[in-house]
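Each remark here refers to the structure printed beneath this line.
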Number of protein chains: 4
Amino acid sequence: MLLQIDHHSGVPIYRQLINQVRRQIMAGQLVEGEQLISVRELADQLRVNPMTVSKAYALLEVERLLERRRGIGLFVAGIEKEHGARTKTRLLKETLEKAVLTAVQFGIPQRKVGEMLAELYTKYNSQTRSRSNE
Amino acid sequence: MLLQIDHHSGVPIYRQLINQVRRQIMAGQLVEGEQLISVRELADQLRVNPMTVSKAYALLEVERLLERRRGIGLFVAGIEKEHGARTKTRLLKETLEKAVLTAVQFGIPQRKVGEMLAELYTKYNSQTRSRSNE
Amino acid sequence: MLLQIDHHSGVPIYRQLINQVRRQIMAGQLVEGEQLISVRELADQLRVNPMTVSKAYALLEVERLLERRRGIGLFVAGIEKEHGARTKTRLLKETLEKAVLTAVQFGIPQRKVGEMLAELYTKYNSQTRSRSNE
Amino acid sequence: MLLQIDHHSGVPIYRQLINQVRRQIMAGQLVEGEQLISVRELADQLRVNPMTVSKAYALLEVERLLERRRGIGLFVAGIEKEHGARTKTRLLKETLEKAVLTAVQFGIPQRKVGEMLAELYTKYNSQTRSRSNE
DNA sequence: GTGGTCTAGACCACA
DNA sequence: GTGGTCTAGACCACT
């Protein structure tokens with residue numbers, strides 16, 4: 001699991017962790033039943049206080065994305081399909097919103113944005129495919 | 001000036017303001033010598049405490065991006081900016097890239113992303129128009 | 001707001017707080033829009049670390065029972081009727097479950113339990129009524 | 001022996017065990033000299049780690065409520081108990097009182113509470129029966 | 001004044 | 001070994 005913290009972004013560390021782990025789960029990079037890096041180990045890796053990691057994990061547990069097994073560790077929970085789809089849409093919308101806001105602020109016409117989108121989509125989609133063929 | 005505050009992102013409001021104003025200046029959307037919306041008015045628009053706006057402006061002044069003219073208001077300072085369509089396109093592309101990456105990771109088809117884009121575009125574009133009619 | 005902590009029950013303090021505040025909100029003792037005792041003040045009252053109180057409040061915010069207004073304080077959120085009813089039923093069921101378990105363990109027939117229930121119901125219900133007439 | 005563990009209550013499992021066993025002994029439901037279910041078997045029944053059961057038993061032994069006979073097992077010790085139907089009724093009433101108080105606070109009608117009671121009664125009663133048929 | 005975040009370090013519960 | 005809870009105390013963000 002690759003996680004990165006930006007100490008200067010102003011975004012609380014535990015929130016950065018939540019966002020990254022949530023995204024990995026939604027993207028299927030962390031699969032159901034998989035055990036997460038332990039609180040202490042992740043805290044060591046990131047040079048962060050264990051409580052900070054623990055807080056992030058705890059909130060993901062409240063979100064039902066993680067499951068705790070006492071004395072063993074934390075695991076990726078089984079997400080219901082429908083719930084998963086809704087979360088994905090929500091997350092995508094958030095990022096897309098920023099892009100659109102930028103475009104509107106700059107007065108860039110929707111047509112142009114659509115073209116850029118298509119271009120980028122092709123680019124990343126083909127990368128994914130070629131990667132999955134490796 | 002179109003600014004958007006997200007109260008739930010965990011990013012301090014004054015930082016959100018700074019980032020957005022700074023970006024608009026760098027992209028030449030706010031031009032040198034242009035007067036900024038007053039603290040009070042912006043605070044009203046965004047339903048935010050005036051102190052918060054004031055703080056953002058003050059920090060942008062420290063950054064030398066803004067100039068305070070006593071008794072009159074704040075103005076965009078004369079500094080090196082990145083001009084032109086190329087800069088705007090670059091900035092837009094950066095945000096759009098994140099959105100596309102998310103979509104591809106989640107396996108959301110381009111068609112759906114296009115629809116969401118159009119929807120959001122309409123939403124923000126109409127906001128701008130109605131505001132510019134006031 | 002009357003809150004009590006039992007340091008010897010083994011139940012985490014923040015959970016005791018959550019349960020008591022949630023119950024007061026559901027029972028209408030804390031009404032929508034009402035401001036809660038501040039973290040620091042409650043921490044002082046209960047001779048407990050502020051972070052412990054803060055944690056309880058934060059989780060109630062995640063539950064959407066509380067609303068935070070930055071720099072001002074925490075307030076009781078407006079709960080949707082349907083959601084409120086479901087929560088009430090859930091909480092009642094939890095307490096009722098313990099009672100039934102006790103009854104079954106002791107081999108007390110359902111008929112007898114029903115009688116005791118009716119008796120207690122009459123007793124407390126009339127208390128409430130007479131109180132509301134004061 | 002009917003024991004119920006709630007993994008989400010935050011109350012340590014060994015404490016839940018202690019409380020329930022102690023109550024059964026005090027109510028005379030587990031009588032003096034009676035042998036307790038073995039650690040292993042109880043752990044299996046409750047899907048809990050044997051160490052946890054063992055710890056609960058050990059602490060009840062310290063309390064002098066249980067007696068260990070080496071190589072044989074654990075037995076209910078000869079101590080002062082509260083006997084009889086009166087005790088059972090009292091203990092039941094205490095738990096039932098909490099449930100009724102909750103219901104009245106929430107304004108839930110007695111009829112509804114009666115229905116929930118019946119439902120739960122059936123649920124736990126049938127569990128006991130099916131288990132006693134094993 | 002309000003709440004939020006983080007740390008260092010202690011101790012508990014569970015496997 | 002795992003995660004959970006709590007403390008004391010520092011500093012930040014916001015009104």
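Only heavy atoms go into these numbers, but all of them, side chains included; no hydrogens, no water, no symmetry mates. None of the values given here were measured: they were computed from a predicted structure.
- At least one side-chain heavy atom of C:Thr87 sits less than 4.5 Å from a side-chain heavy atom of C:His83.
- Two residues are said to be in side-chain contact when any heavy atoms from C-beta on lie closer than 4.5 Å; A:Ile5 and A:Arg47 fail this criterion.
- Using a 4.0 Å cut-off, some side-chain N or O of A:Thr52 falls inside it from OP1 or OP2 of E:dT7.
- Minimum atom distance to the side chain of B:Tyr14 is reached by F:dC14, of the listed E:dG9, F:dG3, F:dC14.
- At a cut-off of 3.5 angstrom, counting only N and O atoms as typed in the model, there is a donor on one side and an acceptor on the other between the side-chain of C:Arg40 and the base of E:dG3.
- Rounding to whole angstrom units, CG of residue C:Asn49 and P of E:dG4 are separated by 14 Å.
- One can place CD1 of C:Ile5 at 14 Å from P of F:dT5, the figure rounded to the nearest angstrom.
- Atom CG of A:Leu74 and atom P of E:dC14 are 16 Å apart (whole Å).
- Residue C:Ser54 places none of its side-chain N or O atoms closer than 4.0 Å to OP1 or OP2 of E:dG3.
- Atom C1' of nucleotide F:dT2 and atom CD of A:Gln35 are separated by 8 Å, given to the nearest angstrom.
- Atoms CZ (A:Arg68) and P (E:dA13) sit 15 Å apart, rounded to a whole Å.
- Protein atom CD of C:Glu41 is 14 Å distant from nucleotide atom C1' of E:dG3, rounded to whole Å.
- Between C:Gly73 and A:His7, the residue whose closest nucleotide on DNA chain E is further toward the 5' end is C:Gly73.
- Not one side-chain nitrogen or oxygen of C:Lys55 sits closer than 4.0 Å to the OP1 or OP2 atom of F:dC6.
- By the 4.5 Å heavy-atom criterion applied to side chains, C:Lys55 and C:Ile13 are not counted as neighbours.
- Projected onto DNA chain F by closest heavy-atom contact, A:Ser38 and A:Met51 fall at different nucleotides, the more 5' of which corresponds to A:Ser38.
- When the nucleotides F:dT5, F:dG3, E:dG3 are ranked by their closest atom to the side chain of C:Pro12, F:dT5 comes out on top.
- Between the C1' atom of F:dT5 and the OH atom of A:Tyr57 lies a distance of 19 Å, rounded to the nearest Å.
- When side chains are defined from C-beta on, C:Val21 counts as touching C:Ile25, because their heavy atoms get closer than 4.5 Å.
- Ionic pairing of A:Lys98 and A:Glu94 is not present here: no N-O contact between side-chain nitrogen and carboxylate oxygen is shorter than 4.0 angstrom.
- Following rounding to the nearest Å, B:Gln16 (CD) and F:dA13 (C1') show an atom-to-atom distance of 12 Å.
- The base-pairing partner of F:dA10, taking Watson-Crick or G-U wobble contacts with both distances under 3.5 Å, is E:dT5.
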